[in-house]
Number of protein chains: 2
Amino acid sequence: MVAVRVLSTVNVNGVRAASTKGLLDWLAGTAADVVCLQEVRARPEELPEAFRATLDEHGWHLRMAPSETAKGRNGVAVLSRAEPEAVRVGFGDPATDLDGRYLEVDLPGGVTVGSLYLPKGLAGTEKQDAKDAFCKTFGDHLRTAFGRCVATGREMVVAGDWNIAPTELDLRNWRGNRKNSGFLPHERAWYAGLLEHGWADLVRDQHPDVDGPYSWWSYRGRAFDNDVGWRIDHLLGTPGVAAAATGAAVERAPSHDRRWSDHAPVTVRLGEPG
Amino acid sequence: MVAVRVLSTVNVNGVRAASTKGLLDWLAGTAADVVCLQEVRARPEELPEAFRATLDEHGWHLRMAPSETAKGRNGVAVLSRAEPEAVRVGFGDPATDLDGRYLEVDLPGGVTVGSLYLPKGLAGTEKQDAKDAFCKTFGDHLRTAFGRCVATGREMVVAGDWNIAPTELDLRNWRGNRKNSGFLPHERAWYAGLLEHGWADLVRDQHPDVDGPYSWWSYRGRAFDNDVGWRIDHLLGTPGVAAAATGAAVERAPSHDRRWSDHAPVTVRLGEPG
DNA sequence: CATGCCAAG
DNA sequence: CTTGTCATG
């Protein structure tokens, strides 16, 4: 039994733009108790008034970690119905803690939720090196956190845009992407290592042996219409969370068939419906 | 008698944006024989397909002088029902000829039309120096051209965004703008000198002793709704043109009450209506 | 093909 | 406040 029933994660690709296109309707209508946001791309004082109003009206608490290093970039947040008991920005990595890529909140009932925006890479460049370095230190954090959860009986979910498609099931054209960042062998191995360590991929566990469900489609071409997507938005959970999971879904067109981001919300249910 | 009957000028503030907002409807509906455009902000190959289609459908010839020095900036053009007999980019000033600020076409029937986008200044800065320098050399060109028209019997109209409000009648808050570029004493003196030389302000001649009609309103605040505008878009004509002028108007909301630029089209009629 | 930044208007 | 650029995704 976990104190949170429904968790969602979505990369909004700019909360200001998304708020004009349907994010607010989605926030008003979702049954989630916790929503992790990525690519907020705004400081607290830059949030649209209508966004703040929607949060107030629907009883959301907002905690955010904007980028302090590049304005209008990155930025993660956690919305929760319950007020967080503790908030941590970053994961103790001086190289990335101020980049708006990770935020962790402790919620009432012994659940910790992390919102992650893992760097995008470009194979063979310094950007890939930075992504790999992030994975290394973040992997250390995840292992430490996992051990602490096991020791204390706490449960934890790390949700966000991982920028990694873990297997051939997780992107439409895997053959053509074997040399592209997001599907590089060492990236998949890193992700697989997390699962071997005990973390559960809550969406894949609910949908084994099927293509997708994808959560990101390029804005270019007709990628969305043709469902040429990638499953790169993941919720990883501790064993207690995994045991409680009873459903997972991607909302391809989240708000009255309108798209308001190049990513779609990914939602996991814990416990029985109702 | 002049071979052109209706001339318009309008600063479109980006032909790509304007084409999505109502410029095309206006072009399809206008009775003008010649339209001078400023701030086209596109190279020929960047023109929207729908813009080109509208020109084709309604029998417009297009001649343009994009900026070769800063992409996405400036750019003037002339649309004419008749095919131009000659086209000249710039006015023989190496400092500005490639900036997309002046284009001159000779039309059948002995009429020359110039489309002008005079630089915007900022009082007390190098930008003002550049504007003043442009005025000096452009003034020389206008005097030379005027003399040639007188000598040959040719008529001429120079239409565009002059970025100068000539008198206290030509902007809403003239007292507060005496130290601002566009209403500086030496700019007004320069403009007055053109009229003394024989050029006619075709719009002011049709509407003497009244405030406005303004042709530009800032996008900031509620300038348009409150008609806090400037008359900075002018058509200057040779005496034969001035004698033929029978009407002038600014189309505040040019296309079904929609605005598609911060400037409005300014139109002059030569000869009797019909 | 979107985002927000920026310089420019 | 809006344009088009640019770097980024």
Side-chain angles (χ1 to χ4, degrees), chain A residues 11-23 37-43 46-48 66-67 69-75 99-101 117-122 125-128 130-131 161 163 180-182 216-225 228 230 232-233 258-263, chain B residues 11-21 23 38-43 46-48 66-67 69-75 99-101 117-122 125-127 130-131 161 163 180-182 216-225 228 230 232-233 259-263:
Chain A
N11 178 320
V12 296
N13 192 23
V15 71
R16 283 171 281 191
S19 291
T20 69
K21 297 196 292 182
L23 168 61
L37 304 177
Q38 299 86 38
E39 282 206 84
V40 171
R41 301 178 70 173
R43 294 186 303 250
E46 295 170 327
L47 294 175
S67 171
T69 55
K71 67 175 299 195
R73 311 289 304 287
N74 309 337
D99 289 350
R101 295 199 171 272
Y117 178 45
L118 201 144
K120 188 174 176 69
L122 182 63
T125 71
E126 284 193 347
K127 289 174 66 68
Q128 188 63 39
K131 180 179 184 179
D161 178 355
N163 268 317
N180 291 139
S181 185
W216 173 80
W217 304 263
S218 171
Y219 274 128
R220 300 170 216 198
R222 271 172 277 288
F224 183 77
D225 293 339
V228 178
W230 294 52
I232 56 178
D233 299 280
R258 272 176 309 160
R259 254 182 120 189
W260 38 261
S261 171
D262 49 348
H263 295 250
Chain B
N11 177 319
V12 295
N13 191 24
V15 72
R16 283 171 280 191
S19 291
T20 68
K21 297 196 291 182
L23 168 62
Q38 300 87 37
E39 281 205 85
V40 171
R41 301 179 71 173
R43 294 186 301 251
E46 295 169 326
L47 294 175
S67 170
T69 55
K71 68 178 296 199
R73 310 288 304 288
N74 309 337
D99 289 349
R101 295 200 171 270
Y117 177 45
L118 200 143
K120 188 176 176 66
L122 183 62
T125 71
E126 284 192 348
K127 291 176 66 67
K131 181 179 183 179
D161 177 355
N163 268 317
N180 291 138
S181 185
W216 173 80
W217 304 262
S218 171
Y219 272 129
R220 302 170 215 198
R222 271 172 275 290
F224 183 77
D225 294 338
V228 178
W230 294 52
I232 56 178
D233 298 280
R259 257 181 117 189
W260 37 261
S261 171
D262 49 348
H263 295 249

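The shown structure was predicted, so the numbers you read here are calculated from the model rather than taken from an experiment. Per chain, numbering begins at 1; letters A, B, ... match sequence-line order.
By the side chain to side chain contact (heavy atoms under 4.5 Å, CB included) test, Thr69(A) pairs with Ser67(A), Leu98(A), Asp99(A), sequence neighbours left out. In this structure Trp216(B) satisfies the side-chain hydrogen bond (donor to acceptor under 3.5 Å, both in side chains) test together with Asp262(B), sequence neighbours excluded. Taking Arg43(B) as the reference, Glu45(B), Glu46(B) meet the salt bridge (charged side-chain N to carboxylate O under 4.0 Å, His left out) condition, with sequence neighbours excluded. Residues passing the side chain to side chain contact (heavy atoms under 4.5 Å, CB included) test with Arg220(B) are Ser218(B), sequence neighbours excluded. Residues passing the side chain to side chain contact (heavy atoms under 4.5 Å, CB included) test with Pro119(B) are Arg101(B), Lys131(B), Phe134(B), sequence neighbours excluded.
To the nearest angstrom, P of dG9(D) lies 15 Å from CG of Asp233(A). With rounding to whole Å, Leu122(A) atom CG is found 11 Å from dT8(D) atom P. The CH2-P distance, from Trp216(A) to dA2(C), rounds to 13 Å in whole Å. If you measure from atom CZ of Phe224(B) to atom P of dT2(D), you get 13 Å, rounded to the nearest angstrom.
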(message) What does the B/S/- profile of nucleotides 3-9 of chain C look like, 5' to 3', with a 4.0 Å heavy-atom cutoff to protein?
(response) BSS--SB
(message) Show, in sequence, the C-alpha distance, side-chain angles and deciding distance for Asn13(A) and Arg41(A), and conclude whether the side-chain contact (heavy atoms from CB on, under 4.5 Å) test is met.
(response) CA-CA 7 Å; Asn13(A) 192 23; Arg41(A) 301 178 70 173; 3.2 Å; yes
